[in-house]
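Just below is one structure, and these are the notes that go with it.
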Amino acid sequence: MITDFLITLFSSVQPRRHRVIFGLLRRRLTVSTEYWGLRYQLLPFVGLFPQLEKTTFDEQIATLIKNGLLIEQQPNSGQLLLTDKGVVAQQEYHKYHYQVQYMPLTTQPLANIRQFREAFWLANQIISETAYHNKRYYPLQIDVKTKMLVKKWYRQTDKSHLIDNWLMALTQFLKQLDQQTANQFVATWVGHQVPGRNADQLGLPATWTTTDFYLWEFDLFIFWSQTLLQSNSNSELKQLWQLTQQQQNLSPSVQLTCQQVHQGLSMATISKQRRLKIGTVREHLLTAAVWLPKTDFPYDLFLTSETLRYLQEHLTGNIDDWQFADIRTSDNPDEFFVFRLYEIYLTKQGA
């Protein structure tokens, strides 16, 4: 149950749509969900709970409302605010539960982190058993795709130095953690005659829930993944990690659209050449603008000085309160594209 954790995803000053938050956590994304995820500063949490059921989520939101922690900004709006009681509950949560440290900073898709975690678990078990010359053991049950990935990786490794190199790579990372955290983290791993401890056996804070344990462990794998990303090492561990980094925030189709725009092709030309609806091309560009750093998207191709002047004159105040109708001048869908792109542009500037 993630009811307590959900309180951390809401604000007392910014109304937030709970359906957007569900879409982010489950990774059911639309351009609108991605945009509001950007506005809520929750994009790093995309795919955090891939198995979350909508009925369960709705029940937990209803519980928070019933307990007076959340309130709808307007009836049936779906936009929720923390009440004063909710702010206190959020503060209490931070006191007694795990606070993610690395997740808000990552730009890596969480699906890659999840696969790296499972691949490491199995690889570490294999190497541990190999160190004891044991070929009769029950391997960890992970998804078939990741299992095949680990088998492929293991076949290609240099077995003569694998155990020593693996130990060295693990030690280098663990030294970056405090000793207690490192010991607890290692204790969760499965190895030769070592089943791996569960949350109740690690001496974690008594107030932590299963969700806290999940977030704590996942956060450490995010940190590990970040260190491997920045490392120049060509260790077997780094090679395994690289094999798990296949998913990207932008689909190949969106990446191609961005590439073609940078090459000078218009949206109409891209639509015609690739037999895409023009609306799909617009969505590709908005998605790219949401995920890419501001310097990597060609805003100047669409937000001309004249357009910026018009928008600045007609749109003031809180971006979240802006209405497209306030600047609409025709039925041309390009107008909404420019409106949303301008909102993204300002958000990237910190507005």
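In what follows, residues are counted from 1 in the order of the sequence shown.
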For the atom pair CD1 (Ile127) and CZ (Phe120), what is the distance rounded to the nearest 0.5 Å?
-> 8.5 Å
In short, Ile142 meets Thr146 closest at the heavy-atom pair CD1-CG2, 3.7 Å
Between Asn332 and Ser330, does any side-chain donor sit less than 3.5 Å from a side-chain acceptor?
-> no
Please test Arg340 against Glu343 for salt bridge (charged side-chain N to carboxylate O under 4.0 Å, His left out), starting from the C-alpha separation and ending with a verdict.
-> CA-CA 5 Å; Arg340 183 64 94 207; Glu343 291 180 310; 2.6 Å; yes
Under the 3.5 angstrom rule, does the side chain of Asp320 hit a backbone N or O of Pro15 as a donor-acceptor pair?
-> no
Show the numbers, then the answer: is there a side chain to side chain contact (heavy atoms under 4.5 Å, CB included) between Asp4 and Thr211?
-> CA-CA 9 Å; Asp4 291 341; Thr211 301; over 6 Å; no
Taking side chain as C-beta onward, heavy atoms only, is Gln263 less than 4.5 Å from Val261?
-> no
Is the His18 ring parallel, tilted or perpendicular to the Phe57 ring (thresholds 30°, 60°)?
-> tilted
Is it the case that more than 12 heavy atoms not belonging to Asp84 sit under 6.0 Å from its CG atom?
-> no
Can you check whether Arg197 reaches Thr188 side chain to side chain, under 4.5 Å on heavy atoms?
-> no
Taking only Lys NZ, Arg NE, NH1 and NH2, and the carboxylate oxygens of Asp or Glu, determine whether Glu306 and Arg309 approach each other closer than 4.0 Å.
-> no
Interatomic distance, Gln90 atom CD to Leu9 atom CG [nearest 0.5 angstrom] = 9.0 Å
Enter the distance from Phe173:CZ to Ser225:OG here, rounded to the nearest 0.5 Å.
-> 10.0 Å
Can any side-chain N or O of Arg17 pair as donor or acceptor with the backbone N or O of Gln79 at less than 3.5 Å?
-> no
To the nearest 0.5 angstrom, please state how far the CZ atom of Arg28 sits from the CZ atom of Arg19.
-> 13.5 Å
Pair His314-Asp326, side-chain donor/acceptor within less than 3.5 Å = no
Does the side chain of Leu204 reach to within under 4.5 Å of the side chain of Asp212, using non-hydrogen atoms?
-> no
Does the cation-pi check pass for Arg328 over Phe339, that is, NZ or CZ under 6.0 Å from the six-membered ring centre and within 45° of its axis?
-> no
Is it true that a side-chain atom of Arg155 and a backbone atom of Val150 form a donor plus acceptor pair closer than 3.5 Å?
-> no
Quick check: does any side chain N or O of Thr181 sit under 3.5 Å from a backbone N or O of Leu177, one acting as donor and the other as acceptor?
-> no
Mind checking whether Trp166 and Trp153 have parallel, tilted or perpendicular rings, split at 30° and 60°?
-> tilted
Are Tyr132 and Leu140 joined in one hydrophobic group, where the rule is that I, L, V, M, F, W and Y side chains link up if heavy atoms are under 4.5 Å apart?
-> no
Test item: side-chain donor near acceptor, Asn165 and Glu236, under 3.5 Å | yes
Is a side-chain N or O of Asp219 found less than 3.5 angstrom from the main chain of Met103, in a donor-acceptor match?
-> yes
Side-chain donor-acceptor contact under 3.5 Å, Tyr137 with Ser128 = no
Taking Thr157 for its side chain and Tyr154 for its backbone only, find out whether a donor-acceptor pair lies under 3.5 Å.
-> yes
Salt bridge (Lys or Arg N to Asp or Glu O under 4.0 Å) contacts touching residues 115-129 (sequence neighbours left out) = Arg117-Glu217
Kindly say whether Ser77 contributes a backbone atom to a donor-acceptor pair with the side chain of Glu72 at under 3.5 angstrom?
-> yes
Do Gln245 and Gln115 have side-chain atoms, one donor and one acceptor, less than 3.5 Å apart?
-> no
Decide yes or no for Thr257 and Arg274: does some side-chain heavy atom of the first lie under 4.5 Å from some side-chain heavy atom of the second?
-> yes
Kindly say whether the aromatic ring centers of Tyr98 and Phe218 come within a distance under 6.0 Å.
-> no
So, Glu335 and Thr329: side-chain donor and acceptor under 3.5 Å apart, yes or no?
-> yes
Should Gln248 and Gln255 count as side-chain neighbours, where that means a heavy-atom distance under 4.5 Å?
-> yes
Count the heavy atoms belonging to other residues, nucleotides or ligands that lie under 6.0 Å from NZ of Lys159, then report whether that count exceeds 12.
-> yes
Is the Phe49-Tyr214 ring centre distance short of 6.0 angstrom?
-> yes
Answer yes or no: is there an ion pair linking Lys147 with Asp143, defined by an N-O contact shorter than 4.0 Å?
-> no
Looking at Tyr299, is Lys348 sitting on its ring face, NZ or CZ under 6.0 Å from the six-membered ring centre and within 45 degrees of the normal?
-> no
Counting only heavy atoms not in Leu174, do more than 12 sit closer than 6.0 Å to its CG atom?
-> yes
When you measure from the centre of the six-membered ring of Trp36, is the NZ or CZ of Arg16 under 6.0 Å away and within 45° of the axis?
-> no
Could you state the interatomic distance from NZ (Lys66) to CD (Glu59), rounded to the nearest 0.5 Å?
-> 12.0 Å
Does a sphere of radius 6.0 Å around NE2 in His94 hold more than 12 heavy atoms from other residues, nucleotides or ligands, not counting ones at 6.0 Å or beyond?
-> yes
Run the side chain to side chain contact (heavy atoms under 4.5 Å, CB included) check on Ile344 and Leu286 step by step: do they pass?
-> CA-CA 8 Å; Ile344 296 169; Leu286 290 176; 4.1 Å; yes
Near Gln179 CD, under 6.0 Å, is it more than 12 heavy atoms from other residues, nucleotides or ligands?
-> no
Are Ile327 and Val338 linked, directly or through other ILVMFWY residues, by side chains that come within less than 4.5 angstrom of each other?
-> yes
Is Arg39 close to Gln14 at the side-chain level, that is, under 4.5 Å between some pair of heavy atoms?
-> yes
Same apolar cluster (I L V M F W Y, side chains within < 4.5 Å links), Met168/Val186 | no
In Val281, Leu256, Thr280, the residue satisfying side chain to side chain contact (heavy atoms under 4.5 Å, CB included) with Ile270 is Val281
Is there side-chain contact between Gln73 and Leu80, with at least one heavy-atom pair below 4.5 Å?
-> no
Side-chain heavy atoms under 4.5 angstrom apart, residues restricted to Ile, Leu, Val, Met, Phe, Trp, Tyr: same cluster for Leu276 and Phe336?
-> yes
Centres of the Trp208 and Phe213 rings: under 6.0 Å?
-> no
Distance from Leu167 atom CG to Gln172 atom CD, nearest 0.5 Å?
-> 10.0 Å
Heavy atoms, side chains only, cut-off 4.5 Å: are Leu42 and Leu25 in contact?
-> no
Linked, directly or transitively: Trp189 and Ile126 (ILVMFWY side chains, under 4.5 Å) = yes
Under 6.0 Å between the ring centres of Trp224 and Tyr102?
-> no
Between Thr55 and Asp58, does any side-chain donor sit less than 3.5 Å from a side-chain acceptor?
-> no
Counting heavy atoms not belonging to Lys54, are there more than 12 under 6.0 Å from its NZ?
-> yes
Mind running side chain to side chain contact (heavy atoms under 4.5 Å, CB included) on Thr130 and Leu162 for me, showing each step along the way?
-> CA-CA 10 Å; Thr130 300; Leu162 177 58; over 6 Å; no
Taking everything shown except Gln349 itself, do over 12 heavy atoms lie less than 6.0 Å from its CD?
-> yes
